[in-house]
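Quick notes on the structure that follows.
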Amino acid sequence: MQRVIGSILVLVIGIMGVSGCGKSGSDATAFGEEGFHHKDDEMIGWVVNTKDHVIEMEISEWKKRDSNSETEEGYAYYASFSEETAIAYEDGTEASVDDIKDGHNLMVFPPAKGNDFKGHADEIVILDMTYEQKYEKFLAHRGGFNIVVMHESGTSLPDEMRDPLFENAGAILAETGQRVGTAWIEYNPDYVVDYKEELDIEQFPVILVYSQEELLFKSTNVDEVYEFLEEIKEESSES
């Protein structure tokens, strides 16, 4: 059992335009949920995977930058690269394709035109990521708590870490009025964030309880998670 004491300092750093890329053009911008000021001539998306000299990117926020649509329709873009492709970090430091990890946010030039879903990347910029972007799938986005079960690929979860866990968690916190979100996340050692290292995870599967801002509790034991939630319930009733 491990209760995380203290708060995690969250630095919200806006992603600025990358200098030295020699790009200019439309001033049309939109502010996406990922924290970027989306510009027509600066295509931004996150890496799904890289294979056979092609980077598959999720570009939905950029694609819908001029739209008020709240649909969950997704857009993918396949950026091929070659020896001529210039790759750098946001601060201008030279990089290579080996530095691009799943989950990285990239700015790719030239951007997609119209309904194009693939093209050659002349320039790729590996963007800095905020804490919120790194832990987007972990944080509770609508208040309350998010309970995450992280497991290794190819392993089966015990029944107690499936639906019953979240049903029981919801029942414990029902009287508090707190929302309880749920997520099962497969540990990916090739992801941009090594969660095993950053969260000091010694054993999988592990249960993580997050607020909107930080990790509150970590355990491999379901009963310990219930005890922690009962503590929250008691604190809520006393306040």
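- By the 4.5 Å heavy-atom criterion applied to side chains, Tyr191 and Lys101 are not counted as neighbours.
- Here the NZ atom belonging to Lys134 is positioned 11.0 Å from the CD atom belonging to Glu132, to the nearest 0.5 angstrom.
- In this structure, the separation between CG on Asp66 and NZ on Lys64 is 13.0 Å, given to the nearest 0.5 Å.
- A side-chain donor-acceptor contact under 3.5 Å links Asp91 and Thr93.
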With a cut-off of 3.5 Å and sequence neighbours excluded, list every side-chain donor-acceptor pair involving residues 174-182.
from   : atom 1 : to     : atom 2 : distance (Å)
Thr176 : OG1    : Leu173 : O      : 2.6
Thr176 : OG1    : Gln178 : N      : 3.2

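- Taking CG from Leu157 and CZ from Arg162, the interatomic distance works out to 5.0 Å, rounded to the nearest 0.5 Å.
- For an aromatic pair to be called close, the ring centres must be under 6.0 Å apart, and Phe204 with His151 fails this.
- The backbone N or O of Pro111 lies less than 3.5 Å from no partner atom in the side chain of Trp62, so there is not a single donor-acceptor pair.
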Evaluate the criterion side chain to side chain donor-acceptor pair (under 3.5 Å) for residue pair Ser211 and Glu213; output intermediate values, then yes/no.
CA-CA 5 Å; Ser211 67; Glu213 298 177 345; 5.5 Å; no
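- Expressed to the nearest 0.5 Å, how far CG of Asp102 lies from CG of Asp190 amounts to 6.5 Å.
- A side-chain donor-acceptor contact under 3.5 Å links Trp184 to the backbone of Met161.
- Taking the side chain as every heavy atom from C-beta outward, His120 and Thr85 approach each other to under 4.5 Å.
- Between Phe228 and Phe217, the ring-plane angle classifies as parallel under the 30° and 60° cut-offs.
- A donor-acceptor pair under 3.5 Å links the side-chain atoms of Glu58 to the main chain of Ser60, judged by distance alone.
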I'd like to know whether Thr50 forms a side-chain contact (heavy atoms from CB on, under 4.5 Å) with Glu56, so could you lay out the CA-CA distance, the side-chain angles of the two residues, the decisive distance to 0.1 Å, and finally the verdict.
CA-CA 6 Å; Thr50 302; Glu56 180 182 352; over 6 Å; no
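- A 6.0 Å sphere centred on CZ of Phe166 holds more than 12 heavy atoms belonging to other residues, nucleotides or ligands.
- Screening Val125, Leu127, Asp99 against Tyr89 for a side chain to side chain contact (heavy atoms under 4.5 Å, CB included) leaves a single residue, Asp99.
- At a threshold of 4.5 Å between non-hydrogen side-chain atoms, the residues Gln212 and His141 do not count as touching.
- The shortest heavy-atom contact between Asp40 and Arg65 is OD1-NE, 2.7 Å.
- The closest side-chain heavy-atom distance from Met107 to Glu90 is not below 4.5 Å.
- Residue Asp41 comes nearest to Phe109 through the heavy atom pair O-CE2, 3.3 Å, listed as atom of the first residue, atom of the second, then distance.
- In this structure, Tyr195 has its ring center under 6.0 Å from that of Phe138.
- Two residues are said to be in side-chain contact when any heavy atoms from C-beta on lie closer than 4.5 Å; Ile207 and Val148 fail this criterion.
- In this structure a side-chain-to-backbone donor-acceptor pair under 3.5 Å is missing from Glu234 to Glu231.
- Closest non-hydrogen pair, Trp46 versus Gly103, comes out as CB-O, 4.1 Å.
- Residues Ser80 and Val54 form a side-chain contact, since some pair of their non-hydrogen atoms from C-beta on lies under 4.5 Å apart.
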Test side-chain contact (heavy atoms from CB on, under 4.5 Å) applied to Met150 and Ile201, step by step:
CA-CA 10 Å; Met150 176 164 275; Ile201 295 173; 4.1 Å; yes
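- Looking only at side-chain heavy atoms (C-beta outward), Asn168 and Tyr226 come within less than 4.5 Å of each other.
- For Tyr135, the side-chain hydrogen bond (donor to acceptor under 3.5 Å, both in side chains) criterion is met by Glu198, not counting sequence neighbours.
- Of all the heavy atoms in Asp116 and Tyr77, the pair that sits closest is O-CD1, 4.0 Å.
- Under the 4.5 Å side-chain contact rule for hydrophobic residues, Val97 and Met57 share a cluster.
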Determine, stepwise, if the pair Asp194 / Tyr187 fulfils side chain to side chain donor-acceptor pair (under 3.5 Å).
CA-CA 8 Å; Asp194 188 341; Tyr187 171 65; 2.8 Å; yes
side-chain contact (heavy atoms from CB on, under 4.5 Å) between Ile44 and Leu106, intermediate numbers included:
CA-CA 6 Å; Ile44 292 174; Leu106 304 181; over 6 Å; no
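- To the nearest 0.5 angstrom, Glu227 atom CD is 10.0 Å from Ile172 atom CD1.
- When side chains are defined from C-beta on, Val206 counts as touching Lys218, because their heavy atoms get closer than 4.5 Å.
- Atom OH of residue Tyr210 and atom CG of residue Asn146 lie 9.5 Å apart, to the nearest 0.5 angstrom.
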Before you tell me yes or no, could you show the steps for Ile185 and Lys137 under side-chain contact (heavy atoms from CB on, under 4.5 Å), namely the whole-Å CA-CA distance, both residues' side-chain angles and the distance that decides it to 0.1 Å?
CA-CA 8 Å; Ile185 298 178; Lys137 296 180 181 179; 3.9 Å; yes
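- When the side chains of ILVMFWY residues are joined at heavy-atom separations under 4.5 Å, either directly or via intervening members, Ile59 and Tyr78 end up in two distinct hydrophobic clusters.
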